[in-house]
Amino acid sequence: MPVVRRALSAFPEPVRFLLNKHRELIRFAVVGGTTFLVDNGVWYALKLTVLTDKVVTAKAIGVLVAIIASYVLSREWSFHTRGGRERHHEAALFFLVSGIGVGINLVPLTISRHLLGLQSPHVSVFMEEIADFVSGSIIGMLLATAFKFWAMKKWVFPHADARPDRRIHPISVDCAGVPRRNSDLPVSGADQVDRAEAS
């Protein structure tokens with residue numbers, strides 16, 4: 001039994017029902033959490049080293065790296081049974097939707113930095129870091145995530161069950177012992193009638 005199913009079996013039936021019903025949303029949230037770490041890891045690595053004066057640019061690069069990870073995880077896990085489009089159309093729409101998401105993500109940070117002036121020397125470095133995190137990593141990420149989940153289901157992966165669930169392995173049947181129609185093995189019922197009609 002897979003680890004996730006074993007963990008889910010510990011929950012009461014009503015909770016399991018809700019988790020199963022909203023499994024795409026939960027998986028999308030897990031992917032979002034993973035890409036959140038990627039995004040912020042790249043963002044802080046750049047803004048604290050080579051892009052100290054270009055915080056919005058550093059954020060944009062972090063978001064773009066996270067988008068690539070998001071496409072792979074979304075296609076292969078979050079929406080692994082959804083589809084309905086050719087691969088190149090799907091990828092193009094994914095990056096278009098994600099590009100719009102980047103714009104949505106950057107709006108709160110841009111407002112914080114350039115309209116509200118929440119950056120040094122107008123505020124302390126500590127306050128600047130808090131304003132950056134809240135606007136760029138919480139408000140921006142939540143707005144972009146809500147938009148992307150809706151757009152992914154509507155445009156990128158529009159059809160449920162378009163691809164087979166690879167977690168369900170087909171049962172292989174050994175047909176060696178199954179009697180054929182003209183076999184001398186005893187058969188019963190409708191097969192006897194079919195044999196009589198065939199002879």
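Numbers for residues simply follow the sequence, beginning at 1.
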Legend entry - Carboxylate-amine/guanidinium proximity below 4.0 Å for K59 and D39: yes
Consider only side-chain heavy atoms of I, L, V, M, F, W and Y, link residues closer than 4.5 Å, and tell whether [X] and [Y] are in one cluster.
X: W150; Y: L93; value: yes
X: V55; Y: V50; value: no
X: L142; Y: F28; value: yes
X: L116; Y: V107; value: yes
X: I138; Y: V56; value: yes

Using side-chain heavy atoms (C-beta onward) and a distance below 4.5 Å, is [X] in contact with [Y]?
X: S98; Y: K148; answer: yes
X: L51; Y: I61; answer: yes
X: V65; Y: V38; answer: yes
X: V134; Y: I130; answer: yes

Rounded to the nearest 0.5 Å, what's the gap from [atom1] on [X] to [atom2] on [Y]? Could you check?
X: F133; Y: N40; atom1: CZ; atom2: CG; answer: 6.0 Å
X: L118; Y: S135; atom1: CG; atom2: OG; answer: 8.0 Å
X: L48; Y: E129; atom1: CG; atom2: CD; answer: 6.5 Å
X: L106; Y: R113; atom1: CG; atom2: CZ; answer: 12.5 Å
X: M152; Y: F147; atom1: CE; atom2: CZ; answer: 8.0 Å
X: Y44; Y: D132; atom1: OH; atom2: CG; answer: 6.5 Å

Inset, instruction - Kindly indicate, with the supporting measurements, whether the criterion side chain to side chain contact (heavy atoms under 4.5 Å, CB included) is fulfilled by I139 and L143. - result: CA-CA 6 Å; I139 298 172; L143 291 173; 4.0 Å; yes
Judged by atom type as modelled, is there a donor-acceptor pair below 3.5 Å linking the side chain of [X] to the main-chain atoms of [Y]?
X: T34; Y: V30; result: yes
X: T49; Y: A45; result: yes
X: Q119; Y: E128; result: no
X: S112; Y: P108; result: no
X: S70; Y: A66; result: no

Looking only at heavy atoms, what is the nearest atom pair of [X] and [Y], with distance?
X: I104; Y: A144; value: CG2-N, 3.7 Å
X: V31; Y: S74; value: CG1-OG, 4.1 Å
X: A58; Y: L46; value: CB-CB, 3.8 Å

Inset, instruction - In sequence, state the C-alpha distance, the side-chain angles, and the governing distance for I67 and L64, and then conclude on side chain to side chain contact (heavy atoms under 4.5 Å, CB included). - result: CA-CA 5 Å; I67 285 172; L64 289 172; 4.1 Å; yes
Inset, instruction - Over 60° means perpendicular and under 30° means parallel, so classify the ring planes of F95 and Y71, tilted if in between. - result: tilted
Legend entry - Within 45° cone and under 6.0 Å: K47 NZ/CZ vs W43 ring: yes
